[in-house]
Amino acid sequence: MALLLPTVPLRLCICVISIILVAIANSIAIAGCDLSKPLPRWRRRMVEISSQAASGMCLRAVGFWNPRVVNYHNYTKGQQLGAIGIFNHVSYLDAFVVVWAFCCAGVTFQFSKHLPILGYGVRALQNLYVPEDKDRTQQQKGMVQLIKERAANHAMPMLSVAPEGTLSNGRCLLSFKTGAFVAGTPVVPILLRYKLRPFNPSWSIIIPFWHLLRLMCQFSNAVTVEMLPPYIPSEAEKADPVLYAANIRKLIAGALGVPLADQDRRHFLALVNAGVSVSWDGRRLLAPPGVLDAAGCMDLEPYMPENFVKTKKQQ
């Protein structure tokens, strides 16, 4: 780690410069355009070149010297079918990886398009933005409607979604949300395979600064993006998004060779509610007295968001 530490400032500068340049290029490319409609071909091509180049530079600056794409032709077939890309969510670097690989549109929060500098580059990708609605049910309905509308418009950039809705440790596949499957359109399963050792690039409850620093100080990181053949749903799957999501989840888990874990973001929030964290070096689990047993395990149920709020109100 110490050997590469002096190179970190230079590599961070490369990331910042890349983000500034893509923000400028993409702002020029979309100037005066209605982003709810397909961009003219030359403008879209400019967005693709600048976004993929900047994402590639950022990945290499972080230590992913040779990212790879396998079976890109399956992605092309998916575009022709008006498919939605479905990928496993492992790291905060996933956004850079998928943009570098095929410059797709994604699903993100409203604040991302207002980020300083980076927001100018993000808007050009023509992402879908989660509706700002305090009512969770209405928010979900609004998002599903947006996905349906985008799936029906084949002229727009292909949409890619991480149905887990949160990050895993890369060694399992979490529960899938069904929003991406409600439209009943074909999907292209996309596998993100990171090298998980000696340092895991996945994101969890660790300290962001130290995680990035350790990742950049690893001699070599690796990621491979593999596209499986487009999956065309059966009539039963079109009528039942839960079935459709479950089948795609099993397909991706089988291809990755990882087990299914029936967990989601609520379990992460339960750990946060319980005060569980990881030491700065990522080697030790930290928790308030009495939370963990002798084996380092705990009962998450009292800390699940729905139960934790009730307990707080009662207190």
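R249 CZ to L174 CG: the interatomic distance, rounded to the nearest 0.5 Å, is 7.5 Å. Interatomic distance, I190 CD1 to N88 CG, rounded to the nearest 0.5 Å: 9.5 Å. Residue T185 holds its OG1 atom at 9.0 Å from CG of L159, rounded to the nearest 0.5 Å. Rounding to the nearest 0.5 Å gives a distance of 8.0 Å between CG of N127 and SG of C104. Here L251 contributes atom CG and L191 contributes atom CG; the two are 8.0 Å apart, rounded to the nearest 0.5 Å. In this structure, the separation between CZ on R60 and CE on M57 is 8.5 Å, given to the nearest 0.5 Å.
Side-chain contact check for L196 versus R171: some heavy-atom pair is nearer than 4.5 Å. The shortest side-chain heavy-atom distance between C217 and V8 falls under the 4.5 Å cut-off. Using a 4.5 Å heavy-atom threshold, the side chains of D94 and L192 count as touching. You'll find the side chain of S175 reaches within 4.5 Å of the side chain of D262, heavy atoms only. Inter-residue side-chain proximity for M298 and L271 is flagged as met; some heavy-atom pair is nearer than 4.5 Å. A 4.5 Å side-chain heavy-atom check between L81 and P230 finds at least one atom pair inside the cut-off. Under the 4.5 Å side-chain criterion, counting only non-hydrogen atoms from C-beta, V278 is not in contact with R284. Considering only heavy atoms from C-beta on, V182 stays 4.5 Å or farther from I147 through its side chain.
In this structure, I84 and A180 approach most closely via the heavy-atom pair CD1-O, 3.7 Å. Annotation for D293 and A295: closest pair OD1-N, 2.9 Å, computed over non-hydrogen atoms. Closest heavy-atom contact between A124 and L39: O-CD1, 4.3 Å. Nearest heavy atoms, R11 versus A61: NE-O, 2.6 Å. Taking all atoms of both residues into account, the shortest heavy-atom contact from A253 to L173 is N-CD2, 3.8 Å. What you find for G78 and V188 is that their closest heavy atoms are CA-CG2, 3.6 Å.
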Side chains of residues 14-35: which donor-acceptor partners sit under 3.5 Å, not counting sequence neighbours?
from : atom 1 : to   : atom 2 : distance (Å)
S18  : OG     : I14  : O      : 2.8
N26  : OD1    : S50  : OG     : 2.5
N26  : ND2    : S51  : OG     : 3.1
N26  : ND2    : G121 : O      : 3.2
S27  : OG     : A23  : O      : 2.6
D34  : OD1    : S36  : N      : 3.0
D34  : OD1    : S36  : OG     : 2.6
D34  : OD2    : S36  : OG     : 3.2

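A distance-only check finds no donor-acceptor pair linking the side chain of Q263 to the backbone of S168 [under 3.5 Å]. At least one donor-acceptor pair closer than 3.5 Å links the side chain of H211 to the backbone N or O of N200. A donor-acceptor contact shorter than 3.5 Å links the side chain of N273 to the backbone of L269. A distance-only check finds a donor-acceptor pair linking the side chain of S91 to the backbone of P201 [under 3.5 Å]. N74 places a side-chain N or O within donor-acceptor distance of the main-chain N or O of M227, the cut-off being under 3.5 Å. The main-chain N or O of L4 is found under 3.5 Å from a side-chain atom of T7 such that the two form a donor-acceptor pair. Between the side chain of N221 and the main chain of L215, a donor-acceptor pair closer than 3.5 Å is present.
Atom CE of M216 has more than 12 heavy atoms from other residues, nucleotides or ligands within 6.0 Å. Atom CZ of F64 is surrounded by more than 12 heavy atoms from other residues, nucleotides or ligands within 6.0 Å. Remark: R68 CZ is loosely packed, at most 12 non-hydrogen atoms of other residues, nucleotides or ligands lying under 6.0 Å away.
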Working for side chain to side chain contact (heavy atoms under 4.5 Å, CB included), residues S202 and Y194:
CA-CA 8 Å; S202 68; Y194 288 89; over 6 Å; no
Could you give me the CA-CA distance, side-chain angles and deciding distance for R45 and W42, then say whether side chain to side chain contact (heavy atoms under 4.5 Å, CB included) is met?
CA-CA 5 Å; R45 188 57 187 149; W42 73 269; 5.6 Å; no
Determine, step by step, whether W100 and V69 satisfy the side chain to side chain contact (heavy atoms under 4.5 Å, CB included) criterion, reporting the C-alpha distance in whole Å, the side-chain angles of both residues, the deciding distance to 0.1 Å, and the verdict.
CA-CA 10 Å; W100 165 79; V69 176; 3.5 Å; yes
Run the numbers on L167 and V90 for side chain to side chain contact (heavy atoms under 4.5 Å, CB included), then give the verdict.
CA-CA 5 Å; L167 300 169; V90 179; 5.8 Å; no
Assess whether side-chain hydrogen bond (donor to acceptor under 3.5 Å, both in side chains) is satisfied between Y231 and E237, documenting all intermediate values.
CA-CA 11 Å; Y231 184 103; E237 290 170 326; 2.6 Å; yes
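A salt bridge is absent between E48 and R43; no separation between the charged side-chain nitrogens and carboxylate oxygens falls under 4.0 Å.
Ring geometry for Y244 versus F181: interplanar angle over 60°, hence perpendicular rather than tilted (30 to 60°). Under the 30°/60° scheme for interplanar angles, the aromatic rings of H89 and F87 are found to stand perpendicular.
No single ILVMFWY cluster, assembled from side-chain heavy atoms under 4.5 Å apart, contains both L243 and I248. Hydrophobic clustering of Ile, Leu, Val, Met, Phe, Trp and Tyr side chains at less than 4.5 Å, counting indirect connections, unites Y92 with V225. One hydrophobic cluster, built from ILVMFWY side chains closer than 4.5 Å, holds both V291 and V272. The hydrophobic clustering, which links ILVMFWY residues whose side-chain heavy atoms are closer than 4.5 Å, places L256 and V187 together. One hydrophobic cluster holds both L285 and L300 under the rule that ILVMFWY side chains link at heavy-atom gaps under 4.5 Å.
For the salt bridge (charged side-chain N to carboxylate O under 4.0 Å, His left out) test, no residue two or more places apart in sequence or in another chain qualifies with R197.
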